[in-house]
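So you know, we letter chains A, B, ... as the sequences are listed, proteins then strands, and number each from 1. Atoms considered below: every heavy atom in the structure, side chains included; atoms not considered: hydrogens, waters and symmetry mates.
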There are 2 protein chains.
Amino acid sequence: MTSQRRVVAEVLAGDHVHLTADEVHARAVARLPEIARATVYNTLGELVALGEVVELSTDGRAKRYDPNAHRPHQHLVCSDCGIIRDVHPTGDPLAVLPPGERFGFSVSKADVTYRGLCPACS
Amino acid sequence: MTSQRRVVAEVLAGDHVHLTADEVHARAVARLPEIARATVYNTLGELVALGEVVELSTDGRAKRYDPNAHRPHQHLVCSDCGIIRDVHPTGDPLAVLPPGERFGFSVSKADVTYRGLCPACS
DNA sequence: TTCTTGACTTGGACTAGGTCCATCGTAGGA
DNA sequence: TCCTACGATGGACCTAGTCCAAGTCAAGAA
């Protein structure tokens, strides 16, 4: 654990946090001015590999990093401003995929992105 | 309707077709050698705006274009080789998101990506 | 028929997001 | 103290996508 890695982990703390790598870098620089972009990417990649952070790409642009990795959840995204909330649907999302629709895959996970307008945009 | 647009539409025909813009361009060039990349991007953008094609980004890399836009469906992706199948889960995916988990959003749509290993990779 | 107009296409420059890699720095061990 | 190895650095590079000025083409007007 180096100071660089600690800063990246600190920046990614809290609920409903979904920063891009660039945003993580900007906030890390505020605390540790000489931290390099490559270090942020490396550290984010390691956190994802360790299962401490989940990576999501809700818009096909920059990936976002979500530190809420220990409680399974899905994401609700505003189609207008892009704000993201963590949400917890009821039931098992895999249960609604019938065997005949699995094409022989061993399905292990379902990522759901709910889309709509947030209160501020609607 | 120009020859360029017709070629792009023809390239994107069929079931379980999920090509990237570059793949569409490569196949379009095979039929119409002088077609430009920008034209392919423009045409894909128009097809998406018209609702004839849906855009998906299952891996945070290149967007893919799915001509199966008229029957609602979700996607099943192999975590290893990336192959994509269109699937039809039962029920309404929005129904499992309770009002208390909507944070005041007017939710209109749920994009589900099922992940697992395809028969060839498992 | 020729001209005008406007929509479409082209190719190249440019941008964002991300990756790669040679080099540097530093902590810990011999 | 010197070595070693891992991690950090910064700059080059890559890929996907966008932008824009200029060129092309077809339909309608004169």
Side-chain angles (χ1 to χ4, degrees), chain A residues 1-12 17-50 52-67 75 77 79 81-84 113, chain B residues 1-12 17-50 52-67 75 77 79 81-82 84 111 113:
Chain A
M1 171 63 80
T2 64
S3 60
Q4 288 84 352
R5 294 185 185 194
R6 188 168 24 76
V7 163
V8 170
E10 283 170 11
V11 161
L12 275 176
V17 169
H18 307 93
L19 300 175
T20 64
D22 256 18
E23 287 165 351
V24 172
H25 181 231
R27 296 187 186 199
V29 162
R31 303 185 187 205
L32 193 66
E34 69 278 15
I35 192 170
R37 225 163 58 98
T39 303
V40 171
Y41 277 103
N42 288 341
T43 306
L44 289 172
E46 283 160 21
L47 290 170
V48 169
L50 287 171
E52 295 295 319
V53 163
V54 298
E55 198 175 70
L56 49 139
S57 51
T58 53
D59 61 351
R61 302 185 64 84
K63 288 176 190 163
R64 293 183 173 270
Y65 295 88
D66 181 348
H75 295 100
V77 181
S79 315
C81 68
I83 192 179
I84 303 173
T113 303
Chain B
M1 171 63 82
T2 64
S3 60
Q4 289 85 350
R5 295 184 183 195
R6 188 165 27 75
V7 163
V8 169
E10 283 170 9
V11 161
L12 274 175
V17 169
H18 306 94
L19 300 175
T20 64
D22 254 19
E23 288 165 351
V24 172
H25 181 231
R27 296 188 187 197
V29 161
R31 302 186 188 204
L32 193 65
E34 68 278 17
I35 192 171
R37 228 163 55 97
T39 301
V40 171
Y41 276 103
N42 288 342
T43 306
L44 289 172
E46 283 159 23
L47 289 171
V48 169
L50 287 171
E52 294 296 319
V53 163
V54 297
E55 198 175 69
L56 48 139
S57 50
T58 52
D59 61 352
R61 302 186 65 85
K63 289 176 189 163
R64 292 182 174 272
Y65 295 88
D66 180 349
H75 295 100
V77 181
S79 314
C81 68
I84 304 173
D111 293 334
T113 303

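Applying the side-chain contact (heavy atoms from CB on, under 4.5 Å) rule to Ala38(A) yields no partners; only residues at least two apart in sequence or on another chain are considered. Scored by the ring-ring contact (aromatic ring centres under 6.0 Å, His included) test, His25(A) finds no partners at all (sequence neighbours excluded). When the side-chain hydrogen bond (donor to acceptor under 3.5 Å, both in side chains) test is applied to Arg27(B), no partner is found at least two apart in sequence or on another chain. Arg37(B) is linked by a side-chain hydrogen bond (donor to acceptor under 3.5 Å, both in side chains) to nothing, counting only residues two or more places apart in sequence or in another chain. Residues that satisfy the side-chain hydrogen bond (donor to acceptor under 3.5 Å, both in side chains) test with Arg31(A), not counting sequence neighbours, are Glu10(A). Under the rule for a salt bridge (Lys or Arg N to Asp or Glu O under 4.0 Å), the partners of Asp111(B) that lie at least two apart in sequence or sit in another chain are Arg115(A), Lys109(B). Every side-chain hydrogen bond (donor to acceptor under 3.5 Å, both in side chains) that Thr2(B) has, sequence neighbours left out, goes to Gln4(B).
Val8(B) places a side-chain heavy atom less than 4.5 Å from the side chain of Ile35(B). Between Ile84(A) and Leu56(A), some side-chain heavy-atom pair lies under the 4.5 Å cut-off. Residues Leu12(B) and Glu52(B) are not in side-chain contact: their nearest non-hydrogen atoms beyond the backbone lie 4.5 Å or more apart. Taking the side chain as every heavy atom from C-beta outward, Glu55(A) and Tyr65(A) approach each other to under 4.5 Å. Between Thr58(B) and His18(B) there is no side-chain heavy-atom pair separated by less than 4.5 Å.
Using a 4.0 Å cut-off on heavy atoms, the residues of residues 21-33 of chain B that approach DNA chain D are Ala21(B), Asp22(B), listed by number. Taking every heavy atom of residues 35-49 of chain B and every atom of DNA chain C, pairs under 4.0 Å involve Ile35(B), Ala36(B), Ala38(B), Thr39(B), by number. For DNA chain C, the neighbouring residues in residues 52-62 of chain A, judged by any heavy atom under 4.0 Å, are Ala62(A).
Smallest separation of non-hydrogen atoms from Val17(A) and Pro67(A): O-CD, 3.3 Å. Nearest heavy atom pair, residue Val11(A) against residue Ala28(A), reads CG2-N, 3.9 Å.
Close approach of DNA chain C to chain A, defined as any atom under 4.0 Å from a non-hydrogen atom of the protein, starts and stops at dG17(C) to dC20(C). Put simply, chain B comes within 4.0 Å of DNA chain D, heavy atom to any atom, from dA16(D) to dC19(D), going 5' to 3'.
Residue-to-nucleotide proximity on DNA chain C shows that, of Tyr65(A) and Glu34(B), the 5′-proximal contact is made by Glu34(B).
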Worksheet item: Stepwise, does the side chain to side chain contact (heavy atoms under 4.5 Å, CB included) test hold for Lys63(B) with Leu44(B)?
Response: CA-CA 11 Å; Lys63(B) 289 176 189 163; Leu44(B) 289 172; over 6 Å; no

